[in-house]
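Encoded as structure tokens, the structure appears first; notes follow it.
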Amino acid sequence: MLDLKFIRENPEAVRRAIQVKGVALDLDELLQLDREVVALRQRVEALQTERNANAKLVPRAAPDERPALIQKGKDLGKELGALEPELRAAEERLRGLLLRVPNLPHPSVPVGQDDSENVELRREGQLPQFAFAPLDHVELLERQGWSDPERVARVSGSRSYLLRGDAVLLEMAVLMFAMDFLRGRGLEPLSTTALVRPETLVGSGHFPGGEDQVYKVEGDDLMLAGTAEVPINSLYAGEQLSHEQLPLAFAGLSAAFRSEAGSAGRDVRGLIRVHEFRKVEQYVLCEASEEEGLKWFDRLLDNAEALLRALELPYRVVQNCTGDMGAGKVLMYDLETWVPSEEKYRETHSCSYLGDWQARRTGLRYRDEHGKLVYAHTLNNTGIATPRILVPLLENHQQADGTIRVPAALRPYLGGREVLGVPVREVAAV
RNA sequence: GGGGGGUUGGCCGAGUGGUUGAAGGCAACGGUCUUGAAAACCGUAGUGGGGCAACCCACCGGGGGUUCGAAUCCCUCACCCCUCGCCA
């Protein structure tokens, strides 16, 4: 959400953001409605002033003057009773529009329609050179007896997954490693539920607009968040923090649920796109300056890159264009990790700087050093998301015999083991 | 799931229908005093909105109602605490 005053004073900048981000919103409708709300409010307030003044006269009036004053109060009340709902409805409509106003993209963001116009910034790491035909992760898992796609589909439907045996240890190792690693870089570990109230999703910016991506819980007014960003963003909702409390930086572990409505047929095989997964999310609440925000952006990005390097995975850094970055974002980079079987980089991390757009929705304020109450800035980036990360991890580190080499960084979490799995393939004599 | 008690300003905490936007305390800020600091004393001070301004409006967990007038009365929802039962 942007400051209404800012929108009034900078309509052209906002109009441009709406346009380059491809948001369906009529700014003139919003501005018109805003003027109507102001006018209505002034009428209501004038009536309220009169009513309040009148009510104060009653107890001091002589008994014979009271009936007239009370009658006047009744009349004013009636008039107000008619006007107030009108004002409330107009305000609600205005807020509805306001929630859809996108944040202004940073000047460095390339203008584009969709992900095809994202810009690759750099590539890191060496692509693996296999002296054999590499297997894809589905094949590897099945041969090792680490998955059971048929059965789990019977239990949980499509886009579900199941791991068994050492693959479970690997998944836990990856999560533990990410938590430890981020803690070492100054983030506070946090474990949270995915079950959240609907207003938290408005706060994060997923609503309005993303309703069909979210699972709702029958019988309770609760939903299942697709990322710990949602509950963490709302943790301090409505509070007035002191600037000494900032920054707040978390490594948040949670389950994540996504309905994946609209992606039918995409990535139906394997572990890339599932309805329920686990994720360590980096989330930061910092002071309200772009300098501070961008500093954290670099830090969160570097954390994620360092994690991928430690896992010995090749990846590239992509800057998302205006059309692919989401309404609330000022700046967004994706990390895409190499998936040998697809001969492609696939998104495993997403780093975002939101300015005060989220905090304004959530009511996340702090007193700055001058005692002024301001909205904080927020950022988020993936730490590690599993099972998706297992796809490049298994595929890049597979060996000729179908076993998996364990990157050194993970070995402490796997009892020192350097290899997982048993030989499941003939190794061709060279 | 049953019963009881709560939710007031940054924090603690008064306040059961009429100058209460809200006593008091703490914290904060400005000043006096002091070589400096502390203490003491004086003063300022909630959030949001409208207006050039004087000033006005809203907000005492959320929503609704009663009333000329509600922090105060009623309904409802959420959350917190205690307690009984159940349970990983």
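In what follows, chains are A, B, ... by sequence order, proteins preceding strands, each numbered from 1. Only a predicted model underlies this, so the values are computations on that prediction, with no experimental measurement involved.
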- [ ] Let me know the distance between CD of A:Glu36 and P of B:G50, rounded to the nearest Å.
- [x] 16 Å
Protein N or O to nucleotides 78-81 of chain B N or O, pairs below 3.5 Å:
residue, atom, partner, partner atom, Å
B:A78, O3', A:Arg197, NH2, 2.7
B:A78, O2', A:Arg197, NH1, 3.1
B:A78, O2', A:Arg197, NH2, 2.6

Task: Where at least one partner belongs to residues 168-190 of chain A, residue pairs that pass salt bridge (charged side-chain N to carboxylate O under 4.0 Å, His left out), sequence neighbours excluded - done: A:Glu171-A:Arg278, A:Asp180-A:Arg183, A:Arg185-A:Asp302
Open item on the list: Within the 4.0 Å limit for protein heavy atoms, which parts of nucleotides 57-70 of chain B are touched? Write it as a string from 5' to 3', B for base, S for sugar-phosphate only, - for none.
Closed with: BS-----S---BS-
Open item on the list: Taking only side-chain N and O atoms of A:Arg365, does any of them lie within less than 4.0 angstrom of OP1 or OP2 on B:G48?
Closed with: yes
Task: Between B:G10 and B:G48 - P atom distance, rounded Å - done: 10 Å
Open item on the list: If the condition is side chain to side chain contact (heavy atoms under 4.5 Å, CB included), which residues does A:Pro247 pass it with, not counting sequence neighbours?
Closed with: A:Cys286, A:Trp296
Task: B:G64 and B:G15, which share atom name C1', separated by this distance in whole Å - done: 24 Å
Open item on the list: Can you tell me how the ring of A:Tyr353 sits relative to the ring of A:His377, calling it parallel under 30°, perpendicular over 60° and tilted otherwise?
Closed with: tilted
Open item on the list: If the cut-off is 4.0 Å, is A:Gln42 near the phosphate of B:G50, judged by side-chain N/O to OP1 or OP2?
Closed with: no
Open item on the list: Please give the distance between the C1' atoms of B:A28 and B:C77 as a whole number of Å.
Closed with: 36 Å
- [ ] Could you tell me which nucleotide pairs with B:A78 by Watson-Crick or G-U wobble geometry, both distances under 3.5 Å, or answer none if nothing does?
- [x] B:U7
Task: Nearest-Å distance once atom C1' is located in both B:C57 and B:G61 - done: 22 Å
Task: P gap between B:G62 and B:U72, integer Å - done: 11 Å
Task: Atom P, compared across B:G18 and B:G69: separation rounded to whole Å - done: 14 Å
Task: Worked verdict on A:Arg273 versus A:Arg159 for side-chain contact (heavy atoms from CB on, under 4.5 Å) - done: CA-CA 7 Å; A:Arg273 194 178 297 274; A:Arg159 294 205 192 287; 3.7 Å; yes
TODO: Return the nucleotide paired to B:C59: Watson-Crick means purine N1 to pyrimidine N3 with N6-O4 or O6-N4, wobble means G-U with N1-O2 and O6-N3, both under 3.5 Å.
DONE: B:G46
Task: Interatomic distance, A:Arg43 CZ vs B:G49 C1' [rounded to whole Å] - done: 18 Å
Task: Listed partners of A:Arg16 passing side chain to side chain contact (heavy atoms under 4.5 Å, CB included), at least two apart - done: A:Val20, A:Val111
TODO: Nearest whole angstrom, please: distance from the C1' of B:G18 to the CZ of A:Arg60.
DONE: 10 Å
Task: Rounded interatomic separation in angstrom, taking CD from A:Glu91 and C1' from B:G49 - done: 9 Å
Task: Residues that A:Thr362 engages under side chain to side chain contact (heavy atoms under 4.5 Å, CB included), provided they are two or more places apart - done: A:Asn233, A:Ser234, A:Ala237, A:Leu364
Task: Between P of B:G10 and CD of A:Glu244, the distance in whole Å - done: 16 Å
TODO: Give one of base, sugar-phosphate or nothing for A:Lys78, where a contact means two heavy atoms less than 4.0 Å apart.
DONE: nothing
Open item on the list: Tell me the interatomic distance from A:Arg35, atom CZ, to B:G50, atom P, rounded to whole angstroms.
Closed with: 15 Å
Task: Option among A:Glu287, A:Lys372, A:Glu239 that satisfies the side-chain contact (heavy atoms from CB on, under 4.5 Å) test with A:Tyr366 - done: A:Glu287
Open item on the list: What is the separation between atom CD on A:Gln245 and atom C1' on B:C11, rounded to the nearest whole Å?
Closed with: 12 Å
- [ ] Give a yes/no answer on whether the side chain of A:Arg367 brings an N or O atom under 4.0 Å of OP1 or OP2 in B:U47.
- [x] yes
Open item on the list: Considering every strand and a 4.0 Å limit on heavy-atom distances, what is the contact class for A:Leu373: base, sugar-phosphate, or nothing?
Closed with: sugar-phosphate
Open item on the list: Please enumerate all residues that pass side chain to side chain contact (heavy atoms under 4.5 Å, CB included) together with A:Leu420, with sequence neighbours excluded.
Closed with: A:Trp146, A:Asp166, A:Leu170, A:Ile404, A:Val406, A:Leu414, A:Arg417
TODO: Mind calculating the distance between CG (A:Asp368) and C1' (B:G10) to the nearest angstrom?
DONE: 14 Å
- [ ] Return each pair, listed once, that meets side chain to side chain donor-acceptor pair (under 3.5 Å) where at least one residue sits in residues 91-100 of chain A; pairs must be two or more places apart or across chains.
- [x] A:Arg41-A:Glu91
- [ ] Take atom CZ of A:Arg411 as the centre, draw a 6.0 Å sphere, and report whether it contains more than 12 heavy atoms from other residues, nucleotides or ligands.
- [x] yes
TODO: Sort out the partner of B:A54 for me: Watson-Crick or G-U wobble, both distances under 3.5 Å, none otherwise.
DONE: none
TODO: Under a 3.5 Å limit for both distances, which nucleotide forms a Watson-Crick or G-U wobble pair with B:A71, could you say?
DONE: none
Open item on the list: If you assign each of A:Asp3 and A:Arg66 to its closest nucleotide in RNA chain B, which residue comes earlier from the 5' end?
Closed with: A:Arg66
- [ ] Please state the C1' separation for the pair B:U66 and B:C79 - nearest whole angstrom.
- [x] 26 Å
Task: side chain to side chain donor-acceptor pair (under 3.5 Å) partners of residues 48-58 of chain A, not counting sequence neighbours, each pair once - done: A:Gln48-A:Glu84
Task: Between B:A88 and B:A70 - C1' atom distance, rounded Å - done: 46 Å
Open item on the list: Just to be sure I understand the rule, does A:Arg8 reach a base, reach only the sugar-phosphate, or reach nothing, if contact means heavy atoms closer than 4.0 Å?
Closed with: sugar-phosphate
